[in-house]
Each structure stands twice: as structure tokens, then as C-alpha cells.
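Scroll down for the structure; my scribbles are underneath it.
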Amino acid sequence: MGGANADLAKAAHMTLGISRVTALIAFAIAIVILAQGISAPFVKDAEPQAGQWIQDVAEGRGLLIPRDYYGELARKPPLFYWTAGAIVAMSGGRVDEVTARVASTVAGAVVAILALIWAATFLDISSGWISFLFLLGSYAFTSRGTLALEDMMMVAFMFGAWCLLYQAIEKGAARATMIAIGVALGLGILSKGPVAIVIPAFGALIYLLMTRRSIVAQIRRPWPWIVAAIAVAISLPWYIPALLAHGGEVSRIIFQENAGHFLPASAGGTGEAARPFYYIAIKMIGGVTPLNFFFPALAVAFITGSFVSEVRKPLLFQASFVIAIVIFFSIASAKRDDYVLPAVPSLAILFAALFTSLRSDSNLIARRLRDTAAIIVALVAVAAIADLSLAGGSEILMRNINPIDLAAVGVCLGYARTLNIGFVAAAIAILSGAGLISYGVLRREPPKTAIGLAAISIVGVLTFTAVIRPELSRMRRLKFAAADISRIAGTKPI
């Protein structure tokens, strides 16, 4: 226990030494990046319905279980709606896109800082910053920083607990650590349900198996049970009265949202969002483009033991979380795009380690795969800018793209053809990133390569969140369509 306290003190010193300056700067950077597009109109049905539940809380009615305008009860625990409702109440009392989404944006910034601090503590400071930038450059993460949904808040609590679990498993948990993990997991359960504690437990089990340690020995230690007791104690004060309210209707909702989504329809599940078992893996790979080019290098680095010895356990720990999420949601009947979100912070740390923590051997296959992938990303980025600028979108691309993506490409083409200043700035940033990638590979300076990759990734994500998605949302919004029709038709009957 003394060793654990010493390690925790060291981590706390690093956190304080960095966080008062670095983490505050990082938080500001993360907020700026994540908040792009926060005022875009709501689309589809999930966010507008969440907005109605938030409004119900803001007006002081549905504090236990919010209802929408049609009387339907909220399908998730209320912590997100409590938080967003409080923000709405303090900002005038009327929900809008910004007030409904700001809680997710702040939660996303917290996750980014957690990734920075954890990687800086257990790898090095370069890994911390690269992890931070890679995370913000991941579409599967940043695109959900401006959604009025509970997912990002749940990830903030669950990932925070997961980061604290590493030292608890390795050295034993101090009292403050046990309390912090238990509180984080309890709040995670109040954000989206028991999955917030199931996945970290599953990830810890996988980590113990990967490091060939006794699971029984860990279970016999008191701290896991204390953590579980704290988490349950925090969540039960809501679950018990909620289950007793509304004639047991909440019991049915909780079953549907948990066991109902996990079980197949033939076993009593809802059958909703049923997709092939490989769907989650495919979505996870696609959600971190262009970092997905580095999956082969990452796999080879683990298989061949290419990471320096002192970071192998921390990296196995984060890999265990990714594996747990992929297995859990691949087995589940319901498979949604947002289920990959909790894995992205760990993936960002793993990808960052490729550029900071490989052994110095010149003949490492992982290093060659990494550098090859980096050059491919640079070439693809340059080719994309050239295609948009000079060819106006290749005919092959335009013929082989689905209508939704075609609309997004159309928005980009509109900016490219007019040489809009935003497009020019993005093109310069992407070309600069490609140049930095090439420089880093040729000079064998991997951190510079990583910064170039991060620049391309962040610009790509911002192009969607700050430009394309708001424009598409506006195009699909009925009130804007009505205004356009009124402008064209005037007083003529339609």
C-alpha cells in the first residue's frame, strides 16, 4: 500500500504540475475544437426528444423521470438531463441547441484531458499531447461532442474510473482512489445505466488474463467490493424510487435499454438495431480515420514486443479496454454507431505510443509499417485537396457515393470551387500536415510525424463538425425549407 501511495503521489504531483498550466490550456483547446457546430439545428429524432426531456427538468417537473411533450418517459437515467436542465434553467429557462449540448462538450473536453494526463503519467509528456491531439482528431469522438445525448457524459465518468483502475490493480487502491473510482462509476450508471460498470469490470478481467495473473486473487482483495458498493450506493437512491414510480413502467424501460438490447429478439430482446457481429469493429476502424491506417503497425508492435518494456503494461491496460468494448457490443444484439465512443480515448493513447514508445532497433517491422502508413496518409490528403481544387470532384468518386455522403461532398465542393477562405485555410493546414509527416519520416523524428497526422485529422473532423454538419442540418430543417419556399413562392398558393 505504501508503494501505491507513492505512485499516486507522483501521479498527483505530475497532474498538479502540468494541469494548472498545461491542462487549463488543453481544456481551452478541447472546448474550442469540440464546440464547433454546437449551434447547428437539431435533426432526426434523438436530440429533439432529449431537448424535450431537458426542458421538462428545467421547468422543475420531471426531476425523477423526465417526460417529453407527448408524455413518453426518458429511456436513460437522468444525470445528463439534470445537468443540461440546470444549464437551461440558469440561462433563461428555454432549451436550445447550445444549452442542450454544452454538457456533452464539457464532458468531451474532460475526457481529452484525462487521456493527456494518463499518457503523460505512464508513458511521457509527448505521448500525452499526441494522445490528446489524436483523440480530438478522431471523428467517432469529436463529432459526438456536440450532441444533446448522454453518451459523452457516461464516457467521461467511465474512462475516468478506468484510468484510476490501473494503479489500483497494479499496486492496490488507496482510500481516496477507491472512493474516486466508486463515485465515477456510480455517476456513470446514473448517466446511462449499469453498462458503465460492466465494461470496466470486463476490461479489468481481460487485462488480468493478458498479464497472466490470478483473477481470484484480485477478487479476494477488499477494494473491488468497496468500489462496487460505493457505485451502487450512489445509483440506488434514483433507481429505487424510479422503479416504484409510474406503475412499474420504468422497469420495462430499464429491461429494454439493458438486457433487451443485449439479448437477441429470439431470447426476449427488442431486436432493435440488430446488425452483423463485425459491425462494431468496422465502425471503430472507420471512426478514427486516418489513424486507422496504423492498425497493422499497432498489431505488429504488440505481437512482436516492439514497445519499450516500461510501457508495455500500461499499453496492454488500455488495449484491454478497447477489446472489452469490441467484444461486449459485438455480442450484444443491438449495435449502434455511438457504442464505439468509449474505446476512442484508449485507441488515441495506443496510436500515440507508436510515435513515442517503440524500441530503438532500426529493423523493427512495426516502425516500417508506421512510417509507410504515415506516407500513405500524407499522399491521400494531398490527392484529396488536389481533386477538390482542380478536378472539382472526380467523376468516379461522385458516381460511387451514397446520397448522404454526396450531399456532404457537395458542400465541400461549393467551398472549393469558390476558393472560400475557410477552404483555403483548411487546404494549407492539410498540406502543411502532409509536409510535416514527410519531414518526420525522412528525419526519423516520429513526434513530428504524429503532429502532422494530428493536424490533418483535426482539420478533417472540423470540416465536418464546423461546416458540413451545420450546413446539412440547415438543409434538412423544416423551418429553413419553409423560409426558402416563402421567399420563392411569395403569397402564391402551393
Side-chain angles (χ1 to χ4, degrees), residues 46 49-50 52-68 70-89 103-104 107 148-162 164-165 173 175 178-202 204 219 222-263 267-270 272 328 332 334 342:
Q49 187 176 41
Q52 295 168 30
W53 288 327
I54 292 169
Q55 186 67 53
D56 200 38
V57 171
E59 294 175 358
R61 291 195 300 266
L63 294 179
L64 181 63
I65 308 170
R67 287 186 179 272
D68 66 13
Y70 303 94
E72 185 173 345
L73 295 173
R75 306 191 67 81
K76 295 291 189 294
L79 184 57
F80 172 78
Y81 306 112
W82 289 344
T83 305
I87 294 170
V88 170
S104 292
L149 302 173
E150 63 283 330
D151 301 278
M152 191 66 85
M153 179 174 284
M154 185 270 290
V155 170
F157 291 123
M158 186 167 65
F159 185 67
W162 178 253
L164 290 171
L165 273 172
R175 182 181 302 173
M178 287 188 289
I179 294 172
I181 296 173
V183 169
L185 292 176
L187 294 176
I189 294 171
L190 284 177
S191 297
K192 198 167 181 176
V195 69
I197 195 171
V198 171
I199 291 178
F202 187 31
I219 293 176
W223 72 263
W225 302 103
I226 295 173
V227 165
I230 294 172
V232 171
I234 288 174
S235 57
L236 279 184
W238 176 79
Y239 272 90
I240 290 176
L243 289 171
L244 296 175
H246 302 289
E249 184 179 357
V250 178
S251 303
R252 176 185 58 81
I253 293 174
I254 291 175
F255 175 83
Q256 288 180 344
E257 292 298 312
N258 293 279
H261 282 172
F262 188 82
L263 298 172
T270 62
E272 181 183 352
F328 183 85

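Count residues from 1 along the sequence.
- A side chain to side chain donor-acceptor pair (under 3.5 Å) check over residues 225-238, counting only residues at least two apart or in different chains, returns nothing.
- The two residues Ala196 and Leu185 make their nearest non-hydrogen contact at O-CD2, 3.4 Å.
- Residues Ser104 and Met152 share a closest heavy-atom pair of O-CG, 3.4 Å.
- Taking every heavy atom of both residues into account, Val227 and Met178 meet most closely at CG2-O, 3.7 Å.
- Within the 3.5 Å criterion, the main-chain N or O of Gly85 finds no donor-acceptor partner in the side chain of Trp53.
- When side chains are defined from C-beta on, Leu64 counts as touching Pro241, because their heavy atoms get closer than 4.5 Å.
- The shortest heavy-atom contact between Met153 and Ser191 is CG-OG, 3.6 Å.
- For Asp151, the salt bridge (charged side-chain N to carboxylate O under 4.0 Å, His left out) test picks out Lys192, with sequence neighbours left out.
- Here the straight-line distance linking atom CG of Leu190 with atom CD1 of Ile234 works out to 7.5 Å at 0.5 Å rounding.
- Proximity of Trp82 to Leu79: side-chain heavy atoms (C-beta onward) are separated by under 4.5 Å at one or more points.
- Closest heavy-atom contact between Met158 and Ile199: SD-CB, 4.1 Å.
- Between the CE atom of Met154 and the CG atom of Leu149 there is a distance of 11.5 Å, given to the nearest 0.5 Å.
- The backbone N or O of Pro66 sits nowhere less than 3.5 Å from a side-chain atom of Asp56 that would complete a donor-acceptor pair.
- A 4.5 Å side-chain heavy-atom check between Phe80 and Thr83 finds every atom pair outside the cut-off.
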side-chain contact (heavy atoms from CB on, under 4.5 Å) between Tyr70 and Gln49, intermediate numbers included:
CA-CA 10 Å; Tyr70 303 94; Gln49 187 176 41; over 6 Å; no
